[in-house]
Amino acid sequence: MALLDTSKYAQGFGLGGVNPDLASERQTASFSVERLTTVLDGGAEHTRVRRAVVEAIERDPVFSRENQYFQTQNERYEAAVRKAVHLQKKMHEMGWREDGPEFIYIYRALAGDVAFLLHRVFMRSISVLGSDEQVAKWIPLATKHQLIGSYAQTELGHGTYLQGLETTAVFDTTTQEFILNTPKISAMKWWPGDMGRSATHTVVFAQLYVHGKCYGVHPFIVQMRSLRDHSLCPGITAGDIGPKMNFEHIDNGYLMLQNVRIPRENMLNKFCEVQPDGTYIRRGSQKINYFTMTTLRVSLLSDEVILPLMKACTIAIRYSAVRRQSKLNPGEEEAKILDYQTQQEKLLPQLAAAYAFHFINNYLHKLFDRGYKEIQERNFSSLPELHASSSGFKAMLSQYCTAGVEICLRACGGHGYSLLSGLPSLYTKILASCIYEGENTILLLQTARFLIKCFAAASAGQPVPQSVTYLAAVKPGKCPAKNKLDFLNPDIYVEAYQHIAIRLLSSTAAKLQDLIQSGVKKHEAWNQCTVQLVQAAKAHCHYITVKNFVETVEKLENKAGIQKIMKHLCDLYALHGIFSNAGLFLHDGYISGAQMDMITASYLDLLGVIRKDAVPLVDAFDFTDKSLNSALGSYDGNVYQRLYEWAQKSPTNQQISPAYEKYLRPLLHNKLSKL
Amino acid sequence: MQPEVQQRKKAESFSCTIYCEALVINDPDFQHEDLNFLSRSQRYEQAIRKSSLMVMKLREYGIADPEEIYWFKRTCLGNFPEPFGLHFSMFQKTIESQATDSQKKKWLPLVRGIIGTYAQTEMGHGTHLRGLETTATYDPATQEFILNSPTVTSIKWWPGGLGKTSNHAIVLAQLYTQGQCKGLHAFIVPIRQLGTHEPLPGITVGDIGPKFGYDEMDNGYLKMDNFRIPRENMLMKYAQVEPDGTYVKPLSDKLTYGTMVFIRSLIVGDSARSLSRACTIAIRYSAVRHQSELKPGEPEPQILDYQTQQYKLFPLLATAYAFHFVGAYIKDTYRRISGDINEGDLSELPELHALTAGLKAFTSWTANAGIEECRMACGGHGYSRCSGIPDIYVTFTPSCTYEGENTVMMLQTARFLVKSYNQVAAGQRVSGMVSYLNDLSRQRIQPQHVAARTVSVRINDPVSLVEAYKARAARLVEAAAKNLQAELNHRKSKEDAWNRTSVDLVRASEVHCHYVIVKLFTAKLSEISNAAVRAVMTELCLLYALYGISKNAGDFMQAGILTDAQITQVNQRVKELLAIIRPNAVALVDSFDFHDTHLGSVLGRYDGNVYENMFEWAKKSPLNKTEVHESFHKHLKPMQAKL
């Protein structure tokens, strides 16, 4: 097959082989890209460590993702296992420790394409829910990978609603064992990662029965496979649940238990315990059982939700600076598609959101670090706020980022649809985040429940957690802005968001109250208000995100143009939110029709301002070409050349398709009926 | 056609769907295997097998009518794309419409012995056709065209069936003759050797690699280096190159509009069908899935009983019906107008062109998002390939891009709207779907928004809601046109002003299309004779219109069409309608009448036996082929031994 003369093609480009259309974007940056990168990393030292980890991983051929788009499910799974095993060696070799500063960057460098992620959840649930003896027994085994763990909560018929789980664990006092069972098909564990093929052990969530009484859902350590030959243990049926939209490398599994007996000590019993005689003891809140999930929701935000949006923005924005299409002015050459207002309107709000979410993620991590310490000291008072925050923000961010990645995908036209763009796999992966660790609508309703409680407390003058104190400050009024520049004043838009959050919550609370007073049963009234409750919970999270962005920008150093460009992005994020939810802001006249026109004008002006820095702003995310794995989004912008070269590598071009001899030739000779 | 089939077809006044379905479903050759467990190469091979069989059967049964071919294919192949698709829809069709009689005489009999495709899009150029770079230079000495791909960006990229299947292609290239560029023209180009299927010298051809979906399709690339074809291979019904190189211009370039309008109108129908399939799956599954509790102490309810679930799915169900009626309308209008065109009357073409461009974009965007919403409403299981929704999505989503990128389509519609607005401003009257702009002239002198005149809206009357949508369209088209004028007044160039207003212009097109859809849905109601059907369709129509108002409340409030209090009523009414539609929800998707094999979904099965069948399906996963996966021996065991 004749290849293009690459040297001839490269000649058209400037020094260093960077596409001139992309190079010119970088020359006009209004701020220091390197400095912004360190801001995002939280300091220059973090940036250094991250780059060192990324480099070490990407240089190692075992971790290569070069052929990822061409592999079958079996090949992807095997590669993920190989990488996970190799990672242990690598960590040892590099002196990286699980509690060291490098660790958080490893996963990012691998782009998640590695097995045994649930192994960490397994370990985490033992650390949080296990007694000291249990931790001492299991954690060393798991750390040395002498067993491979998984986390089996979801069932075929049951997901987010944990109380509905049907797996049973019945305590048998005579043998001091729990007997685990899958009583019917809908009770089969379904979806847990690493469980279909790899795991030897798993934490099973089951309804605990002692002396015929049900005590609710509890966690149990269950061995699934032999440590010797990996065959399934007696009473265990397990396998892979089949192909999904993505995660081909993960063996999401099913698990059926038939009279599987485990010792009493295998129930994780830091917070509740069954004593030898069957006495049930609880220490602390039962909600603590869900704390693993709660922390998981926050810890996945960065890698699984925000980074994919940042990557998608990087790919789409760089490609939009390289792709030229149609003419803006007759006689000129075709214009960069990034110069079209409609393209800016698609991409730049996603970019602003990626920054907003990066900062809200920092906020959540601080909140959780504080909460985690308190819980270790058996102070559970911050649990409701932590739970509500993790639920609401996980839902809001995953929903927004999923939509954002898809917008980026579609903004790349036909080439976005090629797997080689990297965008389809980012999309199919991130969209799972809307469901796992709690379905988003249900999570928002949980946040809403918390808000309704806080609202009632605040109205009655009782103390409420810090993040919701604003609920006490209900003050009617109108937005004071007089011209479009007023809407670049953060006080103006933060107040507008606060007003909407309070209004939606108070009107829903009132409706709920009315329904109940008119004789509707409480649960039915709740169901009738759920659409509004979801809206109120989103408005709360949106408000906090805008407010946090503003506060973050205020604290940024006013050097190298960083604060200025971040202020623009913050304004864009805030105004885009108002522009896209105009109805909510106009509803009670807080914002007038004339003011909405000003907001629109300011918003569209900002697109033009941020356009100039769009490429430097994605460069600051500092993704290597290997981690993007995209023919469209590489740093040098040599899009078409790369697309052509990568396509040659497709197996379809290397094997001779049997289809011609078998079907096409007979068809062309009209002999197919003999087949 | 076989006599018995012919008879049956005559006897029953049934649609060709049923008749083709009967032919295919009773044919063992077309048994549907589960494609989810196959690799891409295997899926391609299966598609070729079925396509080849299908072509043979079409010949055997003598099926030739395009609509019958369409239904026959749909039933044979399910909804999966086929490598031969462009052979019929574009290769053959283009020859029929753009070849001279003598060219037809030569090529049409050959169409049986060759497989053709249609190569237009290039790596660097898509919707903006004039930017294509492939060249065809006429050489009078040999009476040949010399085809070249002068740059990387000019490589033909994406055409279906081009990579591995086809041996001919219709190539669109810039024609150069006598040293001058004459613009784009179509050429028949042989690309592979008949007999061996090897690429011809001067031709580089291959598959563009894996995509989001379309696994069975060998979308391809084509690069030509001084590849020569005879002069007769240029399709010359309209434009011609004479032996000496003299170029003869075509009479009208509007005629090429026709095909585009036709294909875009098909996409409107596709939007309706794809969304209907996703709704069928999600609504049936939501009736089977039980989760959580509504009333303390009672068994877990069907998730379809949750207001939030109804709020996700029922507006989409209403949308699927709305798009169905719009698709039918566009198809009928196209037929009517193409009759006029054949008689030389092109007057209605611009509006139809603008309308299909906008509706193609509006419906494909909405259906695209709606399919995802349906998938998400199925929770985790929606993410499994067994739900069938991932396949619907990845197969449907490129329609936002192909046959005209949606944003570009919206801007084309906007151009028509602005033109119409300017005509009204100049004192002329406009007709058709934009006639509402005529009302603007009366309000011309007043500085305030035209639509700010009060429309007394009755929220339970679809006809009144059409008026509300109309007022919104008038307001936003006018706002966009005025903003455009304001930019122009800043002495900006026309193009620059257009670009700076394009967000508003897209918005104007969207609201215009939204109005058209509400109008057509409402108009349909009076044609339904069965009272019960009309009642339930009226509920759906109301839901469609009111939900649209609720979601875009800002527009209606800002324009003074509805007050705050009315919006609150609308929001409340939407929720009441959800409860009203709930009892009919499953029946409403059953009416779409998708066969289980056609639906390809474990979650959406007609019998609702979801969980048992999911387990059976999973057992077939390639990872489950052996009890202990080979990775254990290769990686896991050594790791555990070493540590």
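Quick note on labels: first sequence line is chain A, next is B, and so on, each numbered from 1. Every value quoted in this text rests on a predicted model; they were computed, and no experiment measured them.
Only the backbone of B/His290 comes within contact range of chain A, judged by heavy atoms closer than 4.5 Å. Looking at B/Phe556, there are no atoms closer than 4.5 Å to chain A (heavy atoms on both sides), in backbone or side chain. If you measure heavy-atom distances from A/Thr72 to chain B, the contacts under 4.5 Å come from the side chain alone. Contact annotation for B/Asn219: neither backbone nor side-chain heavy atoms come within less than 4.5 Å of a heavy atom of chain A. For chain A, the nearby part of B/Lys634 is the side chain; its heavy atoms alone come within less than 4.5 Å. Contact annotation for B/Arg130: neither backbone nor side-chain heavy atoms come within less than 4.5 Å of a heavy atom of chain A. With a threshold of 4.5 angstrom between heavy atoms, A/Leu328 approaches chain B through its backbone and through its side chain. Both the backbone and the side chain of B/Tyr306 come within contact range of chain A, with heavy atoms under 4.5 Å apart. Only the side chain of B/Met557 has a heavy atom closer than 4.5 Å to any heavy atom of chain A. Contacts between A/Asn581 and chain B at a heavy-atom distance below 4.5 Å are absent for every atom of the residue. Interface remark: A/Ser507 contributes no atoms to any contact with chain B (heavy atom separation under 4.5 Å). Heavy-atom distances place the backbone of A/Arg228, and not its side chain, under 4.5 Å from chain B. Contacts between B/Thr121 and chain A at a heavy-atom distance below 4.5 Å are absent for every atom of the residue. Contacts of B/Gln310 with chain A are absent, with no heavy-atom separation under 4.5 Å from either backbone or side chain.
With respect to B/Glu495 and A/Lys327, no salt bridge is recorded, no charged nitrogen being found less than 4.0 Å from a carboxylate O. Electrostatic pairing of B/Glu298 and A/Lys521 does not count as a salt bridge here, judged by no charged N lying under 4.0 Å from a carboxylate O.
A distance-only check finds a donor-acceptor pair linking the side chain of B/Gln291 to the backbone of A/Gly157 [under 3.5 Å]. When atom types are taken as modelled, the side chain of B/Arg385 and the backbone of A/Pro243 share no donor-acceptor pair closer than 3.5 angstrom. With B/Glu627 contributing its side chain and A/Ser231 its backbone, the two residues share no donor-acceptor pair below 3.5 Å. The backbone N or O of A/Thr428 lies less than 3.5 Å from a partner atom in the side chain of B/Tyr383, making a donor-acceptor pair. Looking at A/Gln641, its side chain never comes within 3.5 Å of a backbone N or O of B/Val152 through a donor-acceptor pair. Under the 3.5 Å distance criterion, the side-chain polar atoms of A/Asp251 are left unmatched by any main-chain donor or acceptor of B/Leu623. In this structure, B/Asn552 contributes its side chain and A/Gly583 its backbone to no donor-acceptor pair below 3.5 Å. With B/Glu45 contributing its side chain and A/Lys662 its backbone, the two residues share no donor-acceptor pair below 3.5 Å. In this structure, A/Asp240 contributes its side chain and B/Asn624 its backbone to no donor-acceptor pair below 3.5 Å. Using modelled atom types, one side-chain atom of B/Lys164 and one backbone atom of A/Thr652 make a donor-acceptor pair closer than 3.5 Å.
Of the listed residues (A/Glu345, A/Arg410, A/Glu439), the greatest number of heavy-atom pairs within a distance under 4.5 Å of chain B belongs to A/Arg410. For chain B, the option among A/Lys522, A/Lys346, A/Met256 with the highest count of heavy-atom pairs below 4.5 Å is A/Lys346.
Between A/Asp597 and B/Gln558, the side chains place a donor N or O and an acceptor N or O closer than 3.5 Å (distance only, hydrogens not considered). Side-chain atoms of B/Ser493 and A/Asn329 include a donor-acceptor pair closer than 3.5 Å. Side chains of B/Gln307 and A/Thr530: a donor-acceptor N/O pair is present below 3.5 angstrom, by distance only. Checking A/Asn74 against B/His629 by side-chain atom types alone, a donor-acceptor pair falls below 3.5 Å.
Of all the heavy atoms in A/Glu334 and B/His125, the pair that sits closest is OE2-CE1, 3.3 Å. Closest approach of B/Ser631 and A/Glu78 over heavy atoms only: OG-CG, 3.3 Å. A pairwise comparison of heavy atoms in B/Lys575 and A/Gln528 identifies CD-O, 4.3 Å as the closest pair. Contact detail for A/Thr342 and B/Leu411: the closest heavy-atom pair is CG2-CD1, 4.4 Å.
Using the six-membered ring where Trp is involved, B/His197 and A/Tyr660 have ring planes that are parallel, under 30° apart on the 30 and 60° scheme. A parallel orientation is assigned to the rings of A/His230 and B/Phe632, their planes being inclined by less than 30° (bins at 30° and 60°). Aromatic ring orientation, A/Tyr417 versus B/Trp158: tilted (interplanar angle from 30° to 60°).
Distance check: A/Asn252 CG to B/Ser384 OG gives 9.5 Å after rounding to the nearest 0.5 Å.
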